[in-house]
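Below, all heavy atoms of this structure are taken into account, side chains as well, without hydrogens, waters or symmetry copies.
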Amino acid sequence: MTTATESGFADLPRLLSLMTGDEKHSAASTSTLDVLWVLYDRVLDVSPSRMRDPARDRFLLSKGHGPMSYYAVLAAKGFIDPGELADWGSDESRLGMHPDRMRVPGVEISSGSLGHGLPLAIGSVLGLRAQRLSRPKVVVLVGDAELDEGSNHEAIALAGREAMDQLTAVVIDNSSSTHGWPGGIARRFEVEGWVTRVVDGRDQDALAAAFTEPHPARPLAVIAVVEPKD
């Protein structure tokens, strides 16, 4: 069951405070907060009443090992009841330490294993193309360390060659990558034909502009730089 009540950004700290434990991934959770809010509040065309609408935008959380901010935003936007947050991760809760698309309203993919989200996003774009649906956006959120996975390298190359302008990858850069990339994260996408935009991951206006400025016939990578992981 979903709730029709929406909260604002100022309510997110309170919603986050309801979820305790999972200290291991607290940095992964909080690093995504501003990006997730901007997407759901100002960019994505999706709502609790349109979760099964073929013409909805899709958001895929590949960085699924830190879903607290994701759950808080879903609660703030009416996809889930805020009352569910307090017992998240328990045996009785449908809000697991990794989100489950079969149990949590609004969740497009089950995630947590690194390297899966971007390939799944490409599959979503191909599925939309097969249905001749060219307007819905597919946005996938990945972590900078996750780009070390070989599946992402293949996905980046394919998306550029297929001119997937419905696709946006937002990379949370908190300096946790082991290997990095020559020339920086943006360069990794640029060499494969993507449009790239590097922004402050805490500047919501800059994020909104980066997500909404046109990028015809090319996929978009937004590199959201946040404070380094401790």
Output yes when a side-chain donor or acceptor of [X] lies under 3.5 Å from a complementary backbone atom of [Y], and no otherwise.
X    : Y    : answer
D11  : G8   : yes
W37  : V73  : no
D57  : V46  : no
S110 : R101 : yes
S69  : T32  : no
R161 : A157 : yes
S93  : S90  : no
S151 : G115 : yes
Y71  : P82  : no

Test: [X] and [Y] ion pair at under 4.0 Å:
X    : Y    : answer
R94  : E84  : yes
E146 : K63  : no
R56  : E108 : yes
D34  : R202 : yes

For this session: List the steps, then state whether side chain to side chain contact (heavy atoms under 4.5 Å, CB included) holds for E162 with R129.
Result: CA-CA 11 Å; E162 291 293 323; R129 286 182 173 182; 3.6 Å; yes

Exercise. So H153 and W181, would you call those rings parallel, tilted or perpendicular, with 30° and 60° as cut-offs?
Worked result: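 Geometry flag for W181 against H153: tilted rings.
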
Residue pair [X] / [Y]: nearest heavy atoms and the distance that separates them:
X    : Y    : answer
V226 : G201 : CG1-CA, 3.9 Å
Q166 : L128 : NE2-CD1, 3.7 Å
P67  : P99  : CB-CD, 3.9 Å
L12  : A72  : CD2-O, 3.8 Å
S62  : V142 : CB-CG1, 3.8 Å
I172 : S31  : CG2-OG, 3.7 Å

Pairwise side-chain contact, [X] with [Y], heavy-atom cut-off 4.5 Å (strictly under):
X    : Y    : result
V107 : L61  : no
P219 : V195 : no
F79  : V104 : no
V140 : V170 : no
K77  : D41  : yes

Problem set entry | Single-linkage hydrophobic cluster L133~M51, side-chain heavy atoms < 4.5 angstrom |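 No: no chain of side-chain contacts under 4.5 Å links L133 to M51.
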
For this session: Using distance alone, with no hydrogens and no angle criterion, decide if S175 and D144 have a side-chain donor and acceptor under 3.5 Å apart.
Result: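 Distance-only check fails for S175 and D144.
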
Exercise. Can you name the one residue among R135, R50, R58 that meets salt bridge (Lys or Arg N to Asp or Glu O under 4.0 Å) with D45?
Worked result: R50

Exercise. When you look at L85 and I80, which way does the side chain to side chain contact (heavy atoms under 4.5 Å, CB included) test go after all the steps?
Worked result: CA-CA 9 Å; L85 300 176; I80 59 177; 4.2 Å; yes

Problem set entry | Check against side chain to side chain contact (heavy atoms under 4.5 Å, CB included), R197 and I223 | CA-CA 6 Å; R197 295 165 186 158; I223 318 304; over 6 Å; no

Exercise. Are Y40 and F9 close enough that their ring centers fall under 6.0 Å?
Worked result: no

Problem set entry | Rounded distance (nearest 0.5 Å) linking atom CD1 of I122 with atom CG of L60 | 11.0 Å

